[in-house]
Structures are given as structure tokens and as C-alpha cells.
There are 2 protein chains.
Amino acid sequence: MTDVAELANVSPSTVSLFLRKPDAVSPSASQAISRAIDKLNYVPNLMAGGLAAASSRAVSIIVPSVRNAFFAETVSAMQAALKKQRLQLILGHTEYDELEEEELVRMALSWAPAAIVLTGLSHSASTRRLLANVTIPVIEIWELGGPQIDSAIGFHHDQVGIAAAAHLIQQGRRNLVFLGARMHQDRRAKQRCDGFLQAARTGGAAAQVVEHPDTASAEIGAMLLSEALRLYPNADGIACSNDHIALGALFACNRLGVAVPERLAVVGFGDLSFSAACNPPLTTIRPSGDLIGREAARLIEDHLNGEKPERQLTIDTRFTLQHRRSS
Amino acid sequence: MTDVAELANVSPSTVSLFLRKPDAVSPSASQAISRAIDKLNYVPNLMAGGLAAASSRAVSIIVPSVRNAFFAETVSAMQAALKKQRLQLILGHTEYDELEEEELVRMALSWAPAAIVLTGLSHSASTRRLLANVTIPVIEIWELGGPQIDSAIGFHHDQVGIAAAAHLIQQGRRNLVFLGARMHQDRRAKQRCDGFLQAARTGGAAAQVVEHPDTASAEIGAMLLSEALRLYPNADGIACSNDHIALGALFACNRLGVAVPERLAVVGFGDLSFSAACNPPLTTIRPSGDLIGREAARLIEDHLNGEKPERQLTIDTRFTLQHRRSS
DNA sequence: CTGAAAGCGCTAACAG
DNA sequence: CTGTTAGCGCTTTCAG
């Protein structure tokens, strides 16, 4: 920066100012500085900047895993939105482990990030303690309906389950089964399941659960469907903890000669890339993972720009039922 | 750190040393420092550390998008491996745009990362210039077979196409079609296609391409298959640029009453989570996205530990054909 | 094995 | 609008 200043015949602080608030520098100086930057191929050192400013242009985001399409979508949308503010994403994966999350939060904090984004509302006591006294925005995403650390952006997963049950009942189904995967770890899948069961029973339908401990996949979905049909031969409506499970269920129905939706209606969750293309096209509940990311980015921007320094926000991004031929 | 030092009755530099090389500090001092750290809930400031050391514990990784399952897998594997070294991933998405990549590289450099990871071998001239003089490892992933900036980890995509063609020919198919999506942007899909065409023709089979400009999806796969059958009614073997396309092709065959593999053999690429569960299970070529991530992490560790300061490495992670019932 | 000293490259008052 | 000044919290020789 000193070199740039020298070449542009200004002081280093003018260069610094130009870099942070270009409009606050005279056009002539701006031009000279721009030229010097180009000529010297100057790249600012964000570590130095962050140290001096006691906060960095990094945003830490901690998700269970980006291999999960839901979180990949949010991460991707957030990164796209933050890029405009020249903010960088620092990524961490908890793999659904609260201790892992705690360690990641600790590491994240050492970067003095501009904000920290966590998945879900459930965290270890130490994690809460670590985050209790930070002054940056802490944003919990993809879950609503519990005590928040600071702001939360997402939706109520029990309502997803309720919507699925209501839909199946409306379609005249009365013997419902929920197919779930890894619900001992995936709290949100569990919430969808619980909402489903309760709404189904309230609505006068029978409702059962068939589950598998491993990560959701089409393979497990197929297994779960066969199992469900074995245990509950007169089941007529199936809700799945996500579209991977639903896809496998559709494959299994196809193989077993079970007519969908005539004999069995199927509803998924996620509206993944294949869901509309299935045989038959899958009715599913679509969360807006990208909206969650964009809203999170907006919150962070607002905080950075000093506007709306509101805290403790709760933003419900809702979800929509995509009614297709599988139900 | 000063507070910790004071509480532990040592100097700040001893604390610093303890944090970086615990073994170089006496047990008694170590214990006192540990205790002080715990009591004060001390979190080191990595910005300050990075500034002083002129290199940070961040690794920048730039991929087209984590919404793409291939890159999500690599990112995830890499993060898991780097965590052991207390290295953090800074993520950037190019969305298949070289100018975007260039800007991301510039931003990445301002973090003085320990290494920088790019996707593919094709970059803008400016990007190459930016990276020409850096002393940290520059690792290009997911592509082999062109000029490298520094090290490269991946495989030859034309060989994937060749393997698909060879497989179909071996199955007795002679009228082949390649279904491709977004090949004007996705260089690697194009390479697979080119390898396929060449190998097919060399092998004495007819080979055609049917493509779509948008991102690969099952929906587009279904469209492409219908189109292929319309244009080439006697096609008997289909290779797809990835498993999303193949999934859609299988759906379309199912709807059109086209028997797979009797009438039409289908081969995909990716071995995604649903591929083994399809009807029929999909023959596909499986790259090892996680291995790419682990090898990249290993390279970075080695460099950091001063071992094997080899540069210009080329690591071929290969791929394997998963022969299933669709062919 | 421990400590003193000298910055790393930048930001942020503040004064002009 | 520009420049001066005093650090940000740590690492890294270099002595002891």
C-alpha cells in the first residue's frame, strides 16, 4: 500500500480510504491510485486489514454438509449474494455432530468474522457460551420454532409434516406411513415426522413410521417402502423425509407393480432436481434454500452498513407444496 | 495472549510457541498455559497470526458450484482432511465463468492462504499471471491432460468417454448416442463427449451427439432421450454426460416403453446417490471426488510441514466403471 | 527452554 | 479531501 501511495503521490491512508470508500477520495487522486494499483498489481492484505479493523471480511458458515443438496443451495446462494460486498465465505461441516460444531465455532471466531451462520437451533452449551458475548450477527438457518441465539431464518419443519399429512388426507388417504432416514441425528427430519404423525391422527387417519438409521438415499427409500408395505399392507399414502427417499420409494413401487398414485400416493420433501422428472412426477414440499441464503446475506449486509442494526430477527421463509401426479 | 501469558507467569512468546509447537515448551509451562487459556476462554486471533507469519491457516478452494454433487464431495472430503491441521476452507463459486474465477483468485490471494485450489486446467490469462509468482501450492483439480500451473489432481475426462464407448461396444451396441448438457461451458463434459465419439468411431460404431445448453438435470435428460430416439430410431446404446441426464433418460425409456437394456443400453457418469437404486440400476462411471479432495489436502499438509516440497505434481485419481443392469 | 524486541500491512481517529 | 499517528495481536529472530 505504501508503494501504491508513493507511485500515486498520495499518503497511504488516502489509498486505504480509496479502497474502502472510493467516493470519499477526489477524482484526480482516485485515478492516480487506480493506475498505481494496476501497475503494481497490488492485492490488499485482508489479514492486515482485518487485524487493524478488528473484524474481517469473512463470514463463517457452518452446515452439516454441503453434500446435502439443501445446504449446498443455501451456501451457494449466500456466497453469490455476499460476493457483491466482497465478503468471503469460510465453510465448516459438522457432519451432524454438536462437538464438531463447537470446535468449528471456536475456529470461526478466531477469524473475527463479520458474521457467523449456524444450521439449526440446537447447539451444545459451550457453543452457546462462545456465542453469547459476540457482537457480530449470529444467524441460525433452516430451523424455526425454538430459542434463538440471535437471528433465525428458516421455517417450521413440523408444519411441513402437517402440510404433507393434510394433503394426503385431502386426497382421500387414511392409512398413512412416514418413511424416515437418520432421524436420530437429523432433528429437522424428526420434526417433519412428528408434525406429520400428529396432523394425520388429528385428521382421523392412521399413521405409522418406518425408518432407517443411515443417511437418506434412494436405496434406503426403496427398502423403506418395501418394509412399509410389508408391515402395513393397506397403506395408501406415503410421506418421505426427503425426495431421495421418495425417489427410492417410487422406484420400489415401479418394481413391485404398485400403482402410484392409484394404490399409493407419495409425497416428498425438497423438490430436488429430479423430482419433477420422476415417474410419476413427484408431489413434494419445496423449501427455499436459496432464499434462506439470500436473506442471511441481506441481514449481514445491513449489519455491516450500520442500517437496521436489529437483532433477534426471525424470518420465516416458508415452503410450498408442489402438487404433481404422485398424489 | 498477553493476558494468558500473565496468568500463566510466562512471556507472550512462550504462549505463542506453545500454541504452534506444544512440544517445544516445558511440561510445567505447558500446563500453566493450558489452564490460563481455559480460564480466560482465550481464542487466538488468526488475522494477527497470519499477518505476522505472512501466511494464514486458510486454504482457498474455487469450484464451479457446490450445488454440483461432484464438487460438493471434493469440498467436503477436503474440509474433513484439512480440519486435522486446523486449516479452514475459504470457498468460492465461479459458476463456470472465467472472469468470476479471476476475481475470486484475486480475493483469495488477499487472504494470504496456505494454498489455493482451482477447478480444471482452463483459466484466464490474468488468472495465470496472478498465480505465476505465488510461492504457495496451486492445485488444479478434476482435470488432467493439459498444461498445469503447478500441481494437478484428477483424471482424464476423454478416457471416461472412451471407457463408456468401449463398454457399450463390448455389449454389442453399434448405434451410439451421447446425451450432453451445457457442453459449451462444461469443458470436462465436452471432453467426455469427444473421447466417446472418437472411441466409438474407432471401434466401428456409429456415434451421434444430442445436447442441450442448460445445466444437466433429469428433466433435460428425459428430453434428450426422446430427441435422440426421434433422430436416431435405431440407436441401441446411450452414454450420458452425467447421471442426472441418465436418470432422466431412464425415466423417459420407462414412459416410452423402451426396454433397458434390451432395446437400449444406458451408461452414465458420476455414480450419484440414486444411480444404484434406479430401474434398472444404472451402469455408470464413478470418479473419486473424495479422493481428489483427500489428495489435495495431503499435498497441502506436506507443503506446510516442509516435507516433499515437490511441485508440479500430477496425480491421476482414475475412475471405475460400475457395471449394472442398465447395460 | 524462555524472553525481549521489532515488526507484519493495514485502519481509524484526528487534525488540518 | 488528505496526511499524521498510533496501534491491531501475533510471530520470529536472536540472546540468554
Side-chain angles (χ1 to χ4, degrees), chain A residues 1-34 36-37 40-58 86 88 106-107 109-114 134-136 304 306, chain B residues 1-34 36-37 40-58 86 88 106-107 109-114 134-136 304 306:
Chain A
M1 189 180 265
T2 314
D3 296 346
V4 171
E6 214 157 280
L7 189 60
N9 264 316
V10 295
S11 77
S13 40
T14 304
V15 177
S16 172
L17 189 62
F18 170 76
L19 253 23
R20 285 169 297 118
K21 298 173 186 169
D23 299 338
V25 173
S26 68
S28 63
S30 295
Q31 209 176 42
I33 293 170
S34 291
I37 287 175
L40 296 176
N41 231 314
Y42 168 71
V43 176
N45 183 329
L46 288 179
M47 317 286 296
L51 179 58
S55 110
S56 71
R57 299 204 69 78
R86 305 196 57 81
Q88 288 269 63
R106 212 180 291 276
M107 284 177 74
L109 255 22
S110 15
W111 284 99
V134 302
T135 55
I136 55 170
L304 230 62
Chain B
M1 190 181 265
T2 313
D3 295 347
V4 172
E6 216 156 279
L7 189 61
N9 263 317
V10 294
S11 77
S13 37
T14 303
V15 177
S16 173
L17 188 62
F18 169 77
L19 253 22
R20 284 169 298 116
K21 296 173 187 170
D23 299 337
V25 173
S26 68
S28 63
S30 296
Q31 210 176 42
I33 293 171
S34 292
I37 287 175
L40 296 176
N41 232 314
Y42 168 71
V43 177
N45 182 330
L46 288 179
M47 318 285 297
L51 178 59
S55 110
S56 71
R57 299 203 70 79
R86 303 196 58 80
Q88 288 269 61
R106 211 180 291 277
M107 284 177 75
L109 254 22
S110 16
W111 284 98
V134 302
T135 55
I136 56 170
L304 230 60

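In what follows, every chain begins at residue 1, and chains take the letters A, B, ... in the order their sequences are listed.
When all heavy atoms of A/P113 and A/L109 are compared, the pair lying nearest together is CD-O, 4.0 Å. B/P12 and B/A5 get closest at one heavy-atom pair: N-CB, 3.5 Å. Of all the heavy atoms in B/P44 and A/S110, the pair that sits closest is O-CB, 2.8 Å. Taking each heavy atom of B/R86 and A/M107 in turn, the nearest pair found is NH2-CG, 3.3 Å.
For A/N41, the side chain to side chain contact (heavy atoms under 4.5 Å, CB included) partners at least two apart in sequence or on another chain are B/R106, B/L130. Residues satisfying the side chain to side chain donor-acceptor pair (under 3.5 Å) criterion with B/R20, sequence neighbours excluded, are B/S16. Applying the side chain to side chain contact (heavy atoms under 4.5 Å, CB included) criterion to A/S56, with sequence neighbours excluded, gives A/A58, B/M47, B/W111.
Among the atoms of the strands shown, none is found under 4.0 Å from any heavy atom of B/A54. Within the 4.0 angstrom heavy-atom criterion, base atoms lie near A/L17.
Rounded to the nearest 0.5 angstrom, B/M1 CE and B/I37 CD1 are separated by 8.0 Å. Put simply, CD1 on A/I33 and CG on A/N9 are 10.5 Å apart, with the number rounded to the nearest 0.5 Å. Considering CG of B/L17 and CG of B/D23, their distance stands at 10.0 Å, rounded to 0.5 Å.
Interface residues of residues 42-52 of chain B facing DNA chain C, ordered by number: B/L51, B/A52; criterion, heavy-atom separation under 4.0 Å. DNA chain C lies under 4.0 Å from no heavy atom of any residue of residues 22-32 of chain A.
Straight-line distance from the NZ atom of A/K21 to the C1' atom of D/dT2: 15 Å, rounded to whole Å. At whole-Å resolution of the value, CG in B/L19 and P in D/dT11 are 7 Å apart. Taking atom CZ on B/R57 and atom P on D/dG9, their separation rounds to 21 Å, with Å as the unit.
The shortest distance between the side-chain N/O atoms of B/S16 and the OP1/OP2 oxygens of D/dC10 is not below 4.0 Å. Contact annotation: B/R20 does not reach the phosphate of D/dC10 (side-chain N/O to OP1 or OP2, under 4.0 Å).
The 5' end of DNA chain C is approached more closely, in terms of each residue's nearest nucleotide, by B/T14 than by the other of A/M1 and B/T14.
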Practice item. Test B/F18 against B/V10 for side chain to side chain contact (heavy atoms under 4.5 Å, CB included), laying out the working first. Key: CA-CA 11 Å; B/F18 169 77; B/V10 294; over 6 Å; no
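A nucleotide of DNA chain C counts as in contact with chain B when one of its atoms lies under 4.0 Å from a heavy atom; the first and last such, 5' to 3', are C/dC1 to C/dG9.
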